[in-house]
Visitor: 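Quick one: structure below, then a few questions.
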Amino acid sequence: MKNREIADMFEAIADMLELLGGNAFRVNSYRKASRVIGDLTDDVADLAEAGRLQKLPGIGASTAKKIVEYIETGTMERYEKLAAEVPEGVIEMMHVPGVGPKTAGLVYKEAGIHSVTGLAEAIEAGQLTDLPGLGPKKLENILKGVAVYLAGQERVLLGRALPVAEEIAEAMRKVRGVREVLPAGSLRRRRETVGDIDILVASTEGKAVVEAFVGLRQVRDVLAAGETKGSVRVEGGLQVDCRVVPPECFGAAAQYFTGSKAHNVRLREIAIARKLKLNEYGVFRGDEPVAGETEEEVYAALGLPWIPPELREDRGEIEAAQAGELPELVELDDIQGDLHLHSTWSDGGASIEQMAEACRALGYHYLCVTDHSQSLTIAGGLGPEQLARQREEIDELNKTLEGFRILAGCEVDILGDGSLDLPDDVLAGLDFVIASIHTGMTQSTDRITRRIVAATEHPHVHAIAHPTGRIIGQREPYAIDFEALVRAAADTGTALEINAYVERLDLNAVHARAARDAGVRLVINTDAHAPDQLAMMRFGVATARRGWGAKEDVLNALPLKKLLAVLKRKHA
DNA sequence: GCCGTTTTCGGCCCGACTGTTTTCAGTCG
């Protein structure tokens with residue numbers, strides 16, 4: 001699958017064209033094409049073969065031709081020509097905060113600088129002071145930017161950022177003069193990682209609110225503190241911005257600061273078509289404000305229903321909203337139970353009883369114990385006899401629990417050859433079987449796809465756990481043919497998991513969307529190894545929502561009776 | 001380079017901030 005390569009090439013073409021002073025709209029077209037191809041789960045080669053490339057938004061005759069060229073020949077002339085002209089390091093300089101295409105182009109053309117480190121050295125040696133537009137402050141600023149860039153400026157996991165944001169938001173709600181507080185930005189859209197935290201505050205007293213913000217006990221460094229905006233770093237280096245807006249603009253500001261950028265651009269285009277103007281202060285006809293106090297009225301002024309933040313990525317949500325076809329997204333309250341968790345029988349930290357109590361406290365009606373299977377000795381995997389004894393314990397516990405049911409299950413390993421780690425008759429006796437890969441993760445696309453597809457075809461496997469194996473920032477997904485997996489899951493009635501573990505979120509949002517579009521049932525599980533980890537369910541639900549998942553798409557949003565009926569069907 | 005409820009040509013998102021200027025270019029979100 002060459003989607004990623006092609007998306008990256010279009011992005012690089014955009015960067016290089018921009019640096020060379022090419023038409024800005026053309027640059028934008030390449031960026032859009034890059035995003036569209038990058039978001040695709042279908043193989044772009046299949047679309048090309050079917051002659052359907054130009055059906056994609058932002059893909060016209062010219063980019064379609066380049067895609068076909070790359071698929072057929074393995075190279076793209078446009079890209080190669082530009083790459084011969086612009087050294088890679090010059091493009092990299094553009095990614096330093098404070099350095100854009102103009103500055104990178106200038107220092108390259110006028111001073112021959114072609115790397116980020118070369119840029120820093122030249123500034124420190126005082127070599128760039130004669131260049132137009134580069135005064136001492138600008139140069140100092142670039143130097144700081146290089147330090148930030150080289151430090152890696154990593155994005156932070158949603159699971160880490162969200163609690164920080166909520167704590168700060170809670171503290172800000174207690175500040176005098178504050179009417180409303182909303183953590184906005186990519187965090188509100190529940191992206192799996194976030195770059196920084198944006199806290200939006202409605203108040204008429206900007207300065208006092210900002211002062212209170214930078215004085216919060218969580219604050220370690222104050223980066224800026226003005227009339228309407230404060231910027232700080234908290235423990236761990238995470239940057240938090242606070243913006244104060246008047247209450248009558250709060251809705252427009254919330255919309256604006258939630259993004260995504262691509263979504264906002266589309267909204268502004270719609271505004272223009274309606275002879276309106278949209279900015280962070282409201283919707284305007286001429287100078288006349290038409291909307292702004294709530295997000296609902298901002299969207300309504302553009303002829304749209306309110307769109308849930310998780311969908312705001314310009315991935316078709318605006319068209320769906322216009323057609324009145326937005327999905328009714330699954331909510332945390334819809335979740336009836338957790339179907340993938342561990343106990344002290346394998347590598348968990350709590351007894352089944354403790355896990356059950358924790359699940360009841362969350363308002364669930366059932367859980368399924370899915371300890372590891374025998375070959376995973378390092379995790380204390382269970383064999384047939386242990387599973388039988390575990391079942392006895394579960395049966396005893398179920399006698400004492402009212403209105404709650406513990407299901408007996410297993411996270412069975414998919415072995416290297418695609419067979420399962422437990423005999424069929426043992427699996428047949430379990431309520432729920434979720435299969436997963438813990439070894440041979442680096443196998444070829446062909447092998448690993450056959451392995452997982454074989455597991456979906458197994459009559460006793462109800463779901464595949466963490467289907468791509470990726471761990472955010474640590475491990476790439478398996479080289480699996482995802483389309484083939486989705487087809488197999490759809491054909492066999494096997495659910496695919498959204499593993500809610502904050503480092504996993506696997507399936508991710510784009511994969512989850514493709515699965516649900518193909519009619520595959522999703523199952524959202526925490527894979528908890530201790531009671532407190534059950535709370536990660538919210539991140540799995542957020543990912544399902546980003547994947548356009550509705551309650552009906554989610555296996556464990558079913559009430560117990562219906563769930564058991566569905567599980568039985570696969571067994572039979 | 002894309003695209004069509006004013007268009008197959010001529011448009012294409014908006015405002016703030018900063019540092020460099022003397023009216024504005026570049027960068028950012």
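Chain naming here is simple, since letters A, B, ... match the order of the sequence lines and numbering starts at 1 in each.
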Visitor: In whole angstrom, what separates Lys137(A)'s NZ from dT18(B)'s C1'?
Guide: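 It is 9 Å, rounded to the nearest whole Å.
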Visitor: Verify, without hydrogens or angle tests, whether Arg470(A) (side chain) and Asp506(A) (backbone) share a donor-acceptor contact under 3.5 angstrom.
Guide: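 Not at all, since once roles are kept as given, no pair shorter than 3.5 Å links the two residues.
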Visitor: Could you tell me the separation between the CG atom of Leu267(A) and the P atom of dC14(B), rounded to a whole number of Å?
Guide: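 Those two atoms, CG and P, are 12 Å apart.
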Visitor: Who pairs with Ser115(A) by side-chain contact (heavy atoms from CB on, under 4.5 Å), at least two apart in sequence or on another chain?
Guide: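 With neighbours one apart ignored, the set is Thr117(A).
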Visitor: In whole angstrom, give the distance that lies between atom CD1 of Ile142(A) and atom C1' of dT20(B).
Guide: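 Distance check: Ile142(A) CD1 to dT20(B) C1' gives 13 Å.
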Visitor: Which of these nucleotides, dC14(B), dC2(B), dA16(B), is closest to any side-chain atom of Tyr281(A)?
Guide: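 Output: dA16(B).
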Visitor: What side-chain donor-acceptor pairs closer than 3.5 Å can you find for residues 277-285 of chain A, not counting sequence neighbours?
Guide:
residue, atom, partner, partner atom, Å
Asn279(A), OD1, Tyr281(A), N, 2.8
Asn279(A), OD1, Gly282(A), N, 3.2

Visitor: Filter on ring pair (Phe, Tyr, Trp, His ring centres under 6.0 Å), then keep only pairs touching residues 14-51 of chain A, sequence neighbours left out; what's left?
Guide: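 For residues 14-51 of chain A, and leaving out neighbouring residues, the ring pair (Phe, Tyr, Trp, His ring centres under 6.0 Å) pairs sorted by first residue read Phe10(A)-Tyr30(A).
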Visitor: In plain terms, say whether Glu166(A) and Arg538(A) are close enough for a salt bridge, that is, a side-chain N and a carboxylate O under 4.0 Å apart.
Guide: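 So Glu166(A) pairs with Arg538(A) through a salt bridge.
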Visitor: Please state the C1' separation for the pair dG26(B) and dT20(B) - nearest whole angstrom.
Guide: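 Roughly 10 Å separates the two C1' atoms.
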Visitor: Counting only heavy atoms and a strict 4.0 angstrom limit, can you tell me which residues of residues 40-76 of chain A come near DNA chain B?
Guide: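 Under 4.0 Å from DNA chain B: Pro57(A), Gly58(A), Ile59(A), Gly60(A), Ala61(A), Ser62(A), Thr63(A), Lys66(A).
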Visitor: Got a sec, which residues hit side-chain hydrogen bond (donor to acceptor under 3.5 Å, both in side chains) with Asn499(A), two or more places apart in sequence or on another chain?
Guide: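 Once residues adjacent in sequence are excluded, the partners of Asn499(A) under the side-chain hydrogen bond (donor to acceptor under 3.5 Å, both in side chains) criterion are Glu497(A), Asp527(A).
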Visitor: Could you run down nucleotides 22-29 of chain B 5' to 3' and tag each one B, S or - for protein heavy-atom contact under 4.0 Å?
Guide: ----SSSB
Visitor: In whole Å, measure the gap between the P atoms of dT8(B) and dC3(B) for me.
Guide: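 Result for the P pair: 16 Å, nearest Å.
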Visitor: Nearest whole Å is fine: how far is dC3(B) P from Arg26(A) CZ?
Guide: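 These atoms are roughly 15 Å apart.
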Visitor: Pair up each side-chain donor or acceptor in residues 79-102 of chain A with any protein partner under 3.5 Å, not counting sequence neighbours, and list the distances.
Guide:
residue, atom, partner, partner atom, Å
Lys81(A), NZ, Glu77(A), OE2, 3.4
Glu92(A), OE2, Tyr149(A), OH, 2.9
His95(A), NE2, Asp15(A), OD2, 3.3

Visitor: Could you check whether Lys32(A) gets within reach of a base, just the sugar-phosphate, or nothing at all, counting any heavy atom under 4.0 Å?
Guide: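 Answer is nothing: Lys32(A) stays at 4.0 Å or more from every strand.
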Visitor: Please pick, from dC14(B), dA16(B), dG1(B), the nucleotide with the shortest atom-to-atom distance to any side-chain atom of Tyr30(A).
Guide: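 In terms of side-chain proximity for Tyr30(A), the closest of dC14(B), dA16(B), dG1(B) is dG1(B).
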Visitor: Between dT27(B) and dT21(B), how far apart are the P atoms? Round to whole Å, please.
Guide: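 Going atom to atom, P in each nucleotide, I get 15 Å.
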Visitor: Show me, pair by pair, the donor-acceptor contacts under 3.5 angstrom made by side chains of residues 167-175 of chain A, not counting sequence neighbours?
Guide:
residue, atom, partner, partner atom, Å
Glu167(A), OE2, Arg217(A), NH2, 3.2
Glu167(A), OE2, Gln218(A), NE2, 2.6
Glu170(A), OE1, Arg173(A), NH1, 3.1
Arg173(A), NH2, Val181(A), O, 3.2

Visitor: Please state how far atom CD1 in Ile270(A) lies from atom C1' in dT5(B), giving the value in whole angstrom units.
Guide: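 That distance rounds to 13 Å.
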Visitor: Taking dC17(B) as the reference, what is the distance to dG10(B) when you measure between their P atoms (whole Å, please)?
Guide: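 Approximately 37 Å lies between the P atom of dG10(B) and that of dC17(B).
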Visitor: Could you tell me how far apart Asn28(A) (CG) and dC14(B) (P) are, to the nearest whole angstrom?
Guide: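 Between P of dC14(B) and CG of Asn28(A): 13 Å.
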Visitor: How close do Leu304(A) and Gln322(A) get, heavy atom to heavy atom, and via which atoms?
Guide: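 Minimum heavy-atom contact is CD2-CG, 3.4 Å.
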Visitor: Rounded to whole Å, please give me the gap between CD1 in Ile318(A) and P in dC3(B).
Guide: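 Taking CD1 of Ile318(A) and P of dC3(B), I get 15 Å after rounding.
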Visitor: Please list all pairs passing the salt bridge (Lys or Arg N to Asp or Glu O under 4.0 Å) test where one or both residues lie in residues 244-266 of chain A, with sequence neighbours left out.
Guide: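 Only Arg266(A)-Glu269(A), Arg266(A)-Asp314(A), Arg266(A)-Glu319(A) qualify under salt bridge (Lys or Arg N to Asp or Glu O under 4.0 Å).
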Visitor: Could you pull out every donor-acceptor pair under 3.5 Å between side chains of residues 195-210 of chain A and any protein atom, sequence neighbours left out?
Guide:
residue, atom, partner, partner atom, Å
Ser203(A), OG, Gly177(A), O, 2.7
Ser203(A), OG, Glu205(A), N, 2.9

Visitor: Give the rounded distance in Å between these two atoms: CD of Gln255(A) and P of dG15(B).
Guide: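 Distance check: Gln255(A) CD to dG15(B) P gives 14 Å.
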Visitor: Between dC9(B) and dG15(B), how far is it from one P atom to the other, in whole Å?
Guide: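 So the two P atoms sit 31 Å from each other.
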Visitor: Go ahead and name the base partner of dG19(B); Watson-Crick or wobble counts if both distances stay under 3.5 Å, otherwise write none.
Guide: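 Check on dG19(B): paired to dC24(B), both distances under 3.5 Å.
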Visitor: Pick the P atom in dT5(B) and in dC12(B), then give their distance to the nearest Å.
Guide: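 That atom pair is separated by 16 Å.
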Visitor: Taking the side chain from Arg513(A) and the backbone from Arg546(A), do they hold a donor-acceptor pair closer than 3.5 Å?
Guide: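 Not confirmed, Arg513(A) side chain does not pair with Arg546(A) backbone.
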Visitor: Which pairs count as ring pair (Phe, Tyr, Trp, His ring centres under 6.0 Å) when at least one residue sits in residues 215-258 of chain A, sequence neighbours excluded?
Guide: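 Ring pair (Phe, Tyr, Trp, His ring centres under 6.0 Å) check on residues 215-258 of chain A returns no pairs.
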Visitor: Could you pull out the protein-nucleic contacts involving nucleotides 7-12 of chain B (nitrogen or oxygen on both sides, under 3.5 Å)?
Guide:
none

Visitor: Start at the 5' end of DNA chain B and walk down; is the nucleotide closest to Pro132(A) or to Leu276(A) reached first?
Guide: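 Final value for this comparison: Leu276(A).
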